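Here is the structure we will look at, set down as structure tokens.
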Amino acid sequence: MVKIINLVKSFNGQKVLDGINLTMPTGQITVVIGKSGVGKSVLLKHIIGLLKPDSGQIIIDGHDMSQMGGRQLREFKRRFGVLFQGGALFDSLDVFENIAFPLREKTRLPEAEIARKVRFRLAQMNLTPEVETKLPDELSGGMKKRVALARAMIQEPEIMFFDEPVTGLDPPMTNTVFHLIGKTHQESGYTALVVSHDIPEVFSVAHQVAMLHQGRIIAAGAPEEIQNHPDPVVQSFIRGEVDFLEA
Amino acid sequence: MANLVRQLGQRSLNIVQEAGGLMIFLLESLGLAFVPPFRPRRILQEIYQIGVKSTLIVMLTGAFTGMVMALQGYYTLKQYGSEGALGSAVALSLIREMGPVLTGIMVSARAGSAVTAEIGIMRITEQLDALDTMAVNPIQYVVMPKLLAGVIAVPLLTAIFDVVGILGGYLVGVVLLGVSSGSYFSSMAQSVVPLDVNGGIVKSLVFGLTIILVACYKGYHTGAGAEGVSRATNQTVVLSAVLVLAWDYVLTSFFM
């Protein structure tokens, strides 16, 4: 279980996270929704240890990540898989090398076993073996996301993090990526945090939804509860109403 | 007035902070060179990127530097009837000063800027974050091999610069201006002592480390977006060239 307790973070005196409390139950997909720039990715970067909070705790299976540092933190991250917003594929490596990278770096598996695992993940993501030798620059946005998902999944992580997994994708590819998230979750049973503003598609994979607004979680619960939440800010966001204050 | 003092103080603090950051970055990177995995393949790849790919530009610069020094030196020495010392003048200037400094500046312009741009793009496209979340230390994987490659490649490039420069000087001094081939090389052999060569090697080692350290540091801490990478690249070229010249003065005074 991942538990975030009273997390606070400011940048240049401006509070981005103002006392976040959130629990991600084991084996479930928690989705954090909210407007662009509200701090969803900042929250995710704290949980994966890329940012240190000003105060508060991030407890993962009883270990306080906010107190960890250096090698201990890095080794703890071996339990994570992360799908970054832009894929974060390594430009100089081809698709096969990108997916095999975590295995080559962190395991002593023979090359034949690595190749078997890479091809299994490629097939799982509906990617043909022809893409193996392509460089990231030669892939479409949807293919990049699927290759990145294959790389994130290759070490069978216990906890998966998805940072805006469908940003910039067309509707069919958006549905494909959410379908793949649901499918891989069913097969692996990982705990997941999805950060997204893609409503209503993101509800299809969520077990729990939390809405981030002005640095705080203003609503959390099952997807149906959030869809029928009485808070006008939640309803306005879900319905995609024009924000006159920002427009 | 108070505002001016405040600005000056802030600027001084920024410089001290930057220097401290550079030192910590250097110690962390070098420390990780002794921690497995050692990544010899990555180091070789970086020697190719930083060293081999800079060879042509270094040879061209070396050739023209040697040629122009022979041309200038010939007419100056001729006034005193000492054209025979041309080889000595060209070789000493190249080995002690021009070789390490100009090689450093050329490497900073060609490879330093490329290193900053590469690491900067890895930063803004979250590739460095991706390494971190895969439990791979980005400094050990990306920075350390480049630093070691810089320390290995720049002295070798300097040696190439010196040799090509001496041959360029030979072409102008001996072939075009008629200085005797024997006196060109014998004056060189008489005047160049091991301390000159060692001094040049030490300088090029320090310059190589400085240039690639600045390049990696600026790329690693680049600002957001394309503008941030462009600014970091620009800063790398300017700062590393200034540091090469400053180091040159310090090291020359040490060897004199």
Side-chain angles (χ1 to χ4, degrees), chain A residues 11 41-42 44-51 65 68-93 97-108 136-137 144 147-149 151-155 157 159-164 167 193, chain B residues 10 14 24-25 27-29 31-32 34-46 48-50 53 114-146 149 219-226 228-229:
Chain A
F11 293 105
S41 295
V42 172
L44 184 140
K45 284 184 177 176
H46 276 88
I47 308 174
I48 59 179
L50 291 174
L51 289 174
M65 263 191 70
M68 290 182 198
R71 184 168 255 198
Q72 187 195 12
L73 178 61
R74 202 161 282 123
E75 289 309 310
F76 195 74
K77 288 178 187 174
R78 291 180 72 166
R79 307 165 71 180
F80 300 166
V82 184
L83 177 62
F84 286 91
Q85 200 166 343
L89 296 173
F90 303 125
D91 301 324
S92 54
L93 305 182
E97 290 167 329
N98 259 290
I99 301 172
F101 186 86
L103 296 177
R104 286 179 174 158
E105 279 293 320
K106 289 290 159 189
T107 69
R108 287 166 187 255
D137 274 352
K144 271 186 198 168
V147 172
L149 182 55
R151 186 180 68 181
M153 292 287 305
I154 195 82
Q155 290 208 89
I159 309 170
M160 278 291 298
F161 296 92
F162 301 89
D163 187 7
E164 304 282 9
T167 297
L193 178 74
Chain B
Q10 187 59 50
N14 289 346
I24 292 168
F25 194 73
L27 293 177
E28 191 178 353
S29 310
L32 287 167
F34 301 99
V35 178
F38 297 110
R39 307 187 186 283
R41 212 169 135 221
R42 293 266 311 136
I43 296 168
L44 283 175
Q45 282 171 347
E46 295 302 338
Y48 177 76
Q49 291 295 336
I50 294 168
K53 284 190 170 178
V115 164
T116 303
E118 182 193 338
I119 299 179
I121 288 168
M122 288 185 82
R123 166 63 71 206
I124 64 171
T125 56
E126 297 181 308
Q127 292 176 52
L128 296 178
D129 291 343
L131 283 170
D132 201 289
T133 55
M134 288 176 207
V136 175
N137 188 331
I139 292 185
Q140 192 185 33
Y141 185 79
V142 178
V143 175
M144 183 273 287
K146 290 186 195 298
Y220 202 83
H221 296 99
T222 194
V229 177

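A quick note: this is a predicted structure, and the numbers were derived from the prediction, not measured. To find a chain, count down the sequence lines: A is the first, B the second, and so on, and within it residues start at 1.
- A side-chain donor-acceptor contact under 3.5 Å links K106(A) to the backbone of A135(B).
- For L89(A), the part lying near chain B is the backbone, with the side chain staying farther off; criterion is any non-hydrogen pair under 4.5 Å.
- In this structure, R42(B) contributes its side chain and M144(B) its backbone to no donor-acceptor pair below 3.5 Å.
- Contact annotation for D163(A): only side-chain heavy atoms (C-beta onward) come within less than 4.5 Å of a heavy atom of chain B.
- For E46(B) and R39(B), the salt-bridge test fails: no basic side-chain N is under 4.0 Å from an acidic carboxylate O.
- Of the two parts of I121(B), only the side chain, counted from C-beta on, holds a non-hydrogen atom closer than 4.5 Å to a non-hydrogen atom of chain A.
- Interface residue T133(B): backbone and side-chain heavy atoms are both found under 4.5 Å from chain A.
- With respect to chain B, the highest number of heavy-atom pairs below 4.5 Å among F76(A), F101(A), F80(A) belongs to F101(A).
- A 6.0 Å sphere centred on CZ of F11(A) holds more than 12 heavy atoms belonging to other residues, nucleotides or ligands.
- Contact of V35(B) with chain A is made through the side chain alone, with heavy-atom distances under 4.5 Å.
- In this structure a side-chain-to-backbone donor-acceptor pair under 3.5 Å is missing from Q85(A) to E164(A).
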